[in-house]
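First the structure, in the form of structure tokens, and then the observations on it.
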2 protein chains.
Amino acid sequence: MAIAGRTTIRDVAAAAGVSPTTVSHALNGKGRLDPRTRARIQRTAERLGYQANRIARGLRSGRYGVQALWLPIEQDAASSDALMLDYYMRLASAMTKAFFARGDVVMLIPPVGSTGMLVPLPADGAIVVDPYVDDPRLAALRRLGVPSVTIERNPIDPEDPWCVASDTGHHIETLLEHLASEGAERIALLLPESMGAWSREERDAYRTWSKEHGCERLTRPVPMHDPFEGARCAVRTLLRSGSLPEAIVIGAERFVPGTMSALAEVGLAVPDDVLVAVAVDGNLARSSAPPLTAVDLQPEQQALAAAELLWNRLDGEEPRGPWTVPGILRVRGSSHRP
Amino acid sequence: MAIAGRTTIRDVAAAAGVSPTTVSHALNGKGRLDPRTRARIQRTAERLGYQANRIARGLRSGRYGVQALWLPIEQDAASSDALMLDYYMRLASAMTKAFFARGDVVMLIPPVGSTGMLVPLPADGAIVVDPYVDDPRLAALRRLGVPSVTIERNPIDPEDPWCVASDTGHHIETLLEHLASEGAERIALLLPESMGAWSREERDAYRTWSKEHGCERLTRPVPMHDPFEGARCAVRTLLRSGSLPEAIVIGAERFVPGTMSALAEVGLAVPDDVLVAVAVDGNLARSSAPPLTAVDLQPEQQALAAAELLWNRLDGEEPRGPWTVPGILRVRGSSHRP
DNA sequence: CGTGGGTGGAAAATCGTTTTGTGCAAAGGC
DNA sequence: GCCTTTGCACAAAACGATTTTCCACCCACG
């Protein structure tokens, strides 16, 4: 038994010559206690290496000390390849660290399909990453009564204050500005056909910017389920359409390989013949040849913000509205003619 | 409160007109009960949507229902880039799914440095991925008395039966055989300077194979902390050494970008001028140009095996010895001259 | 001298489940 | 007919903490 032999609150109480009640009060800063008694008990607890049993605590207090992290990853063998993006990995790592710092642990939830979520989550709260339209994760959490915070806006309810959002529109603008400043006039956008809010935000920002700058609109929708082929076809179509774009903005990290492959195929060099930039930074962007300019979504900051927000929600505090984490433009070789 | 309002065992008992004890026995298949009563209670429980409260169960049974997954990821800002490999992500996903299927949840542990692991893990057991020499994770688990299973052998104790191992040596042989069958005679190995067992297994297998086939030994050690520059330098040195190798085996996934970059730099085409293969499959190998031949370590299988093994260990069963999951050679364009 | 209020601490209730022990029939052995 | 076994179900005792309630004491005040 993993828990056997651990020192309990009773041991501490005996060693300090007080009752378990008093120990609990002393360690949790509750009740009325002589400050000296409190200090003495704390020292005793420390000396004995006492750590409250989380299960027992949870049973009484109703809190598990466990938070669920629900990534949007589908685990069908077919599409698993392309979905393992390091953005999610960074997010998961950062989330783990952020929660651990305050004594909570993070648990991963398997993809929706594999379980149907019949089991109630043994978690206090949940972080839902990249919610999409009619997201079964949100439905399940609501049904189970588990409070949640989303990373990226819920397309059904964009003003939901329990949300950590990137300013996707602004990121697209930044990329377009950057590419324009490098001399590109005809800038194409590879637009993810996603049910998430960010995909629409990309489209809207691109439209607005194009109109404001009097630029031609060159977008190609790309399906998410076969990102490699999807992106490759989209780029081929784009290039076949007559006048060549001078720059391409890739709307989703997973379209990187397909895009680069299509460009290489027709012998277009990056950045000499066409500039390229990605809306989401990651391994694929960094390790491309040449490395691609991209927007770093700062998953570490997002994780911190999400943890904070979730704690607030669990504490019954009032929402402060969506929390925007600014992305950072990482300029690399793909968008800069030497 | 996330748990409020849930139907308890008492509700079921009342609805079925029996005592809580009987309900518990009925649902857990224990005790002596009239089969009809048992069936009736099960129906009642199902009708009421009863799910046992994991915390309460854990308190009594001494099991948390939580398993820890401890990846070897260091989270220093400096090296974070290269370590986010999709192999780990696949492993994490698969692990989550495997445990969830039997009612356990998986929790992620933050990297060693960030916490010092003062807090006892609220977990029944742990999976340690890629243990290295004097691994602080193993030390911490031993100190905390948390049973564990490793993925890949512990270099300090290679015969530890509580282990899911790849047959790394065999994988290297397979790659060498494959490259030789494609006509390569001088095959170089980029050897990770890792403290893990797999790196030594790669070296030994390469040595043995070279000796048996009377081939020249061409290895370059590559440090793990700056994989891109490390691999690039190693490949440069390799190419500068006079006679060109006809094939290169990349010993670690993270060396892919650096290697490909160095080859491109000197104008060597893959596979025309040099064949390339990787010991670990992943996004980097698949999305390289051309896609790289690699050994798929089958993280999904490893996860299943590890979960099984950990459950065995927790149940106090006897170890059956290390469990080997065979890798699969994925032949791609990088090793095959058309 | 009785009472009121503030202090410091302990006793008891509680959380929901599992486990152990108890009770009460009906059946079976002498 | 009495005593033991067997089958079935329940009561009560854990599990280890938190939270609520309560008590004993001391001091001050009327």
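Small disclaimer: the values here were computed from a predicted structure and weren't measured. Residue numbers start from 1 in every chain, and the chains themselves are labelled A, B, ... in the order their sequence lines are given, proteins ahead of strands. Values below: all heavy atoms of this structure, side chains included; hydrogens, waters and symmetry mates excluded.
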Stepwise, does the side chain to side chain contact (heavy atoms under 4.5 Å, CB included) test hold for B:Gln67 with B:Val105? CA-CA 6 Å; B:Gln67 312 292 347; B:Val105 301; over 6 Å; no
Ion pair check, [X] and [Y], cut-off under 4.0 Å:
{"X": "B:Asp11", "Y": "B:Arg47", "value": "no"}
{"X": "B:Asp104", "Y": "B:Arg102", "value": "no"}
{"X": "B:Asp135", "Y": "B:Arg137", "value": "yes"}

Can you tell me how far [atom2] of [N] sits from [atom1] of [X], to the nearest Å?
{"X": "B:Ile41", "N": "D:dA9", "atom1": "CD1", "atom2": "P", "answer": "8 Å"}
{"X": "A:Ile9", "N": "C:dA10", "atom1": "CD1", "atom2": "C1'", "answer": "13 Å"}
{"X": "A:Arg40", "N": "C:dG8", "atom1": "CZ", "atom2": "P", "answer": "14 Å"}
{"X": "A:Tyr64", "N": "D:dT18", "atom1": "OH", "atom2": "C1'", "answer": "16 Å"}
{"X": "B:Asp34", "N": "C:dA25", "atom1": "CG", "atom2": "C1'", "answer": "14 Å"}
{"X": "A:Asn28", "N": "D:dT19", "atom1": "CG", "atom2": "P", "answer": "7 Å"}
{"X": "B:Asn53", "N": "C:dT18", "atom1": "CG", "atom2": "C1'", "answer": "13 Å"}
{"X": "B:Lys30", "N": "D:dG7", "atom1": "NZ", "atom2": "P", "answer": "20 Å"}

For A:Arg10 and B:Arg32, take the nucleotide of DNA chain D holding the closest heavy atom to each; which residue's nucleotide lies nearer the 5' end? B:Arg32
Note: for B:Ala56 and B:His25 on DNA chain D, the residue whose nearest nucleotide lies more 5' is B:His25
Would you classify B:Thr8 as touching base, sugar-phosphate or nothing, given that sugar-phosphate means primed atoms plus P, OP1 and OP2, and contacts are heavy atoms under 4.0 Å? sugar-phosphate
Please work out if B:Leu59 contacts a base, only the sugar-phosphate, or nothing of the nucleic acid, heavy-atom cut-off 4.0 Å. base
Does A:Ser61 have a side-chain nitrogen or oxygen under 4.0 Å from the phosphate oxygens OP1 or OP2 of D:dT19? no
Compare side-chain N and O positions of A:Thr22 against OP1 and OP2 of C:dG8 and report whether any pair is under 4.0 Å apart. no
Go through C:dT17, C:dG9, C:dA10 for me and flag the one nearest to the B:Tyr50 side chain. C:dT17
Do [X] and [N] share a donor-acceptor pair, side chain to base, under 3.5 Å?
{"X": "A:Thr21", "N": "C:dA11", "result": "yes"}
{"X": "B:Arg57", "N": "C:dT17", "result": "no"}
{"X": "A:Arg60", "N": "D:dT18", "result": "yes"}

For the residue pair B:Thr22 / B:Ser19, report whether a side-chain donor-acceptor contact shorter than 3.5 Å exists. yes
